[in-house]
J.: 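My questions all concern the structure below.
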Amino acid sequence: MSTTAALPLVLTGARGHGRWHLANIRRLQREGVVTLAGICELTPLDADELAGFDGPAPAQSPDFGSLLEVTGARAAIVCTPIQTHTAFALTAAAQGVHLLLEKPPAANWAGYQQLTQGVRAAGTACQIGFQSMGSHALPAIAELVRTGAVGTLRGVGAAGAWVRDEAYYRRAPWAGRRRLGDADVVDGVLTNPLAHAVATALALAGASTAADVADVETELFRAHDIEADDTSAVRITTTGGLPVTAAVTLCAEQPGEPYVIVHGDQGRITFWYKQDRMLLHRSGHPPQESRHGRTDLLENLAAHLRDGTPLLAPAESTGAFMRVVEAVRTAPEPVALPSGAWHSAPTDDGGGVRRVVHGIDAMVAAGADSLSLYSELAAPWAESTGMRPS
C-alpha cells in the first residue's frame with residue numbers, strides 16, 4: 001500500500017473500452033495509487049459494474065465539467081468517441097485537471113493543436129493512451145539501434161492483421177465513420193484499432209513530433225460497407241529520409257499479433273508490442289528473443305504528478321502520429337474493394353459475420369517486411385493512384 005495520498009480521478013466513458021480502464025482503476029485503487037471519485041456516463045453504472053470498489057461509491061453524472069468540480073478530482077481518464085476528445089480535454093484543462101486521454105488524441109490537426117495549446121496554457125499534464133509506449137522493450141530496442149546491433153537503420157515497418165465482425169461497426173453511431181454531421185471522426189483502421197502499430201513504428205524510428213515528418217502517403221480501402229477504411233497502408237517519410245510503413249487490416253484470414261520490424265543493413269528487430277516481446281536477428285549471431293516489462297500509463301501519470309517522473313506518452317510526442325491522422329482525414333474516400341476480393345465468413349464463436357480479404361495476411365506481412373504499400377505489392381485491387389501525399 002502506498003504511503004502517499006491516492007490520486008482522485010474521474011472516468012468518462014466507462015463502458016466499451018472504458019471497462020478496461022475501470023478494471024485498471026480497480027487494481028490501482030487497491031494498491032493505493034488512485035481513487036475513483038466520479039464516473040461520467042449518460043446512464044449511471046449499476047452495482048454489478050462497480051463491484052470490487054471499496055469505500056464510498058463514486059459520484060455519477062453525465063456532466064463532465066460539474067463532476068470534476070464536485071469531486072475535486074486531480075485527474076481524469078477520457079475514453080469517449082474520437083470526435084469528443086478535444087472538447088473533453090479542454091474542459092479538464094480549464095479546471096486544472098490532468099488527463100489520460102484515449103488515442104487518437106483528436107480527430108483532426110486543428111483539434112490536436114487546440115488540445116496541446118489548451119493543456120500547455122493550463123499547465124496540466126496530458127498523457128495519450130498509447131499503451132505500447134509503456135513497454136520496456138522500446139528503450140531496449142533504441143539502445144540496440146544506437147549501439148549498431150543491426151547496423152545502419154534502413155526503415156521501420158508495421159503489420160497488423162486483425163478481425164472485426166460486421167457488428168463492430170454497428171456498436172455506436174460513430175463507428176466506421178469518417179465524419180458525423182459536421183464533425184470529423186476518422187474511425188479507420190490506421191487511426192483507431194491499429195493506431196498503436198503506427199505510433200509504435202514512428203517511436204522506433206525516432207519520429208514523435210510533427211516536425212519529424214516530411215511526407216505521408218496513404219492507400220485506404222474497405223471491404224465492409226462503411227465510410228472509413230478497414231484495410232490500409234501508409235508510408236511516412238521522416239525528415240531524416242527514413243521510411244516508416246504500416247500495412248494493416250481488420251479483415252484478416254487468421255487474426256494474429258501485430259508487430260513492428262526495425263530494419264538495419266546488418267539485421268532486424270521484430271517487436272510484438274502487445275506482448276512486450278522482441279526478436280533480434282543480426283549477422284553472425286543466433287536469433288535472440290527477450291520479453292520485457294511494461295509501465296502502466298495511469299501509474300506513470302500518477303508518478304508524474306507525485307514526483308515528476310517523465311510522462312511516457314505526452315500529447316506533444318504524438319504530433320507525428322497526428323500528421324498521419326490528418327493525412328487519412330484529407331485523403332480521398334476509401335476505395336471499396338470489389339466483391340471478388342473478399343468473402344463473408346462466420347466469426348469463430350459462430351455468433352456473427354465477418355469479411356475476409358483474400359490473401360491479405362501475406363500481403364500485410366510483406367508490407368512490413370519490404371516497407372511497401374499495397375500497390376507496390378501488386379495487390380490486384382490496389383492502384384498506385386490510391387497514394388496520397390500529405
J.: Begin with the C-alpha distance, continue with both residues' side-chain angles, and end with the deciding distance and a verdict on salt bridge (Lys or Arg N to Asp or Glu O under 4.0 Å) for Asp265 and Arg154.
T.: CA-CA 6 Å; Asp265 63 358; Arg154 295 303 189 197; 3.4 Å; yes

J.: Can I get a per-line list of side-chain donor-acceptor pairs under 3.5 Å for residues 50-59, giving both atom names and the distance, sequence neighbours left out?
T.:
none

J.: Verify the neighbour count for atom CD of Glu289: are there more than 12 heavy atoms of other residues, nucleotides or ligands below 6.0 Å?
T.: yes

J.: Considering all heavy atoms of both residues, which atom of Leu194 and which atom of Gly160 are nearest to each other, and what is their separation?
T.: CD1-O, 3.7 Å

J.: Which atom names give the shortest non-hydrogen contact between Val150 and Arg268, and what distance separates them?
T.: CG1-N, 3.6 Å

J.: Could you point out which residue of Asp230, Asp361, Thr231 forms a side chain to side chain donor-acceptor pair (under 3.5 Å) with Thr249?
T.: Thr231

J.: Could you work out, with side-chain contact (heavy atoms from CB on, under 4.5 Å) as the rule, every residue matching Ala379, not counting sequence neighbours?
T.: Met363, Tyr374, Trp381, Ala382

J.: Could you label the plane-to-plane angle of the His17 and Trp20 rings as parallel, tilted or perpendicular, counting under 30° as parallel and over 60° as perpendicular?
T.: parallel

J.: With no hydrogens and no angle check, just 3.5 Å: does a side-chain donor-acceptor pair link Ser317 and Ser208?
T.: no

J.: For residues Ser290 and His292, is any side-chain donor paired with an opposing acceptor at under 3.5 Å?
T.: yes

J.: Is any side-chain heavy atom of Leu242 less than 4.5 Å from a side-chain heavy atom of Thr237?
T.: no

J.: Quick one: do the Glu219 and Ser375 side chains pair a donor with an acceptor below 3.5 Å?
T.: yes

J.: Once you measure the plane-to-plane angle for Phe130 and His196, does it fall in the parallel (<30°), tilted (30-60°) or perpendicular (>60°) bin?
T.: perpendicular

J.: Is there side-chain contact between Pro105 and His85, with heavy atoms separated by less than 4.5 Å?
T.: no

J.: What residues form a side-chain contact (heavy atoms from CB on, under 4.5 Å) with Ala365, not counting sequence neighbours?
T.: Tyr259

J.: For Thr12 and Thr80, test the side chains for any donor-to-acceptor distance below 3.5 angstrom and give the result as yes or no.
T.: no

J.: With Trp342, which residues qualify under ring pair (Phe, Tyr, Trp, His ring centres under 6.0 Å), at least two apart?
T.: none

J.: If we ignore angles and hydrogens, is there a donor and acceptor under 3.5 Å between the side chains of His21 and Glu102?
T.: yes

J.: Can you name the residues that form a ring pair (Phe, Tyr, Trp, His ring centres under 6.0 Å) with Phe271, not counting sequence neighbours?
T.: none

J.: When Leu28 is tested against each of Leu7, Leu9, Leu36, Val33 for side chain to side chain contact (heavy atoms under 4.5 Å, CB included), which residue passes?
T.: Val33

J.: Taking all heavy atoms of Ala197 and all of Tyr273, pick out the closest pair and write down the distance.
T.: N-OH, 3.3 Å

J.: Sequence neighbours excluded, which residues qualify as side-chain contact (heavy atoms from CB on, under 4.5 Å) partners of Leu311?
T.: Ala125, Gln127, Asn300, Leu301, His304, Pro314

J.: Residues two or more places apart in sequence or in another chain: which of them pass salt bridge (Lys or Arg N to Asp or Glu O under 4.0 Å) with Arg15?
T.: Glu41, Glu49

J.: State which residues pass ring pair (Phe, Tyr, Trp, His ring centres under 6.0 Å) with His263; sequence neighbours excluded, sorted by chain then number.
T.: none

J.: Tell me the closest heavy-atom pair linking Leu312 and Gly134, and the distance in Å.
T.: CD1-CA, 3.8 Å

J.: Check ring pair (Phe, Tyr, Trp, His ring centres under 6.0 Å) between His136 and all other residues, then give those that pass, not counting sequence neighbours.
T.: none

J.: Using only heavy-atom distances, determine whether the side chains of Ser61 and Asp63 contain a donor-acceptor pair under 3.5 Å.
T.: no

J.: Do Ser135 and Asp276 meet the criterion of a side-chain donor-acceptor pair at a distance under 3.5 Å?
T.: yes

J.: My understanding is that only residues two or more places apart in sequence, or in another chain, count here; which of them pass salt bridge (Lys or Arg N to Asp or Glu O under 4.0 Å) with Glu299?
T.: Arg27

J.: At their closest point, which heavy atom of Glu166 faces which heavy atom of His224, and how far apart are they?
T.: CG-CD2, 3.9 Å

J.: Would you please name every residue forming a side-chain hydrogen bond (donor to acceptor under 3.5 Å, both in side chains) with Glu69, sequence neighbours left out?
T.: none

J.: Can you sort out the partners of Asp349 under side-chain contact (heavy atoms from CB on, under 4.5 Å), two or more places apart, ordered by chain and number?
T.: Thr347

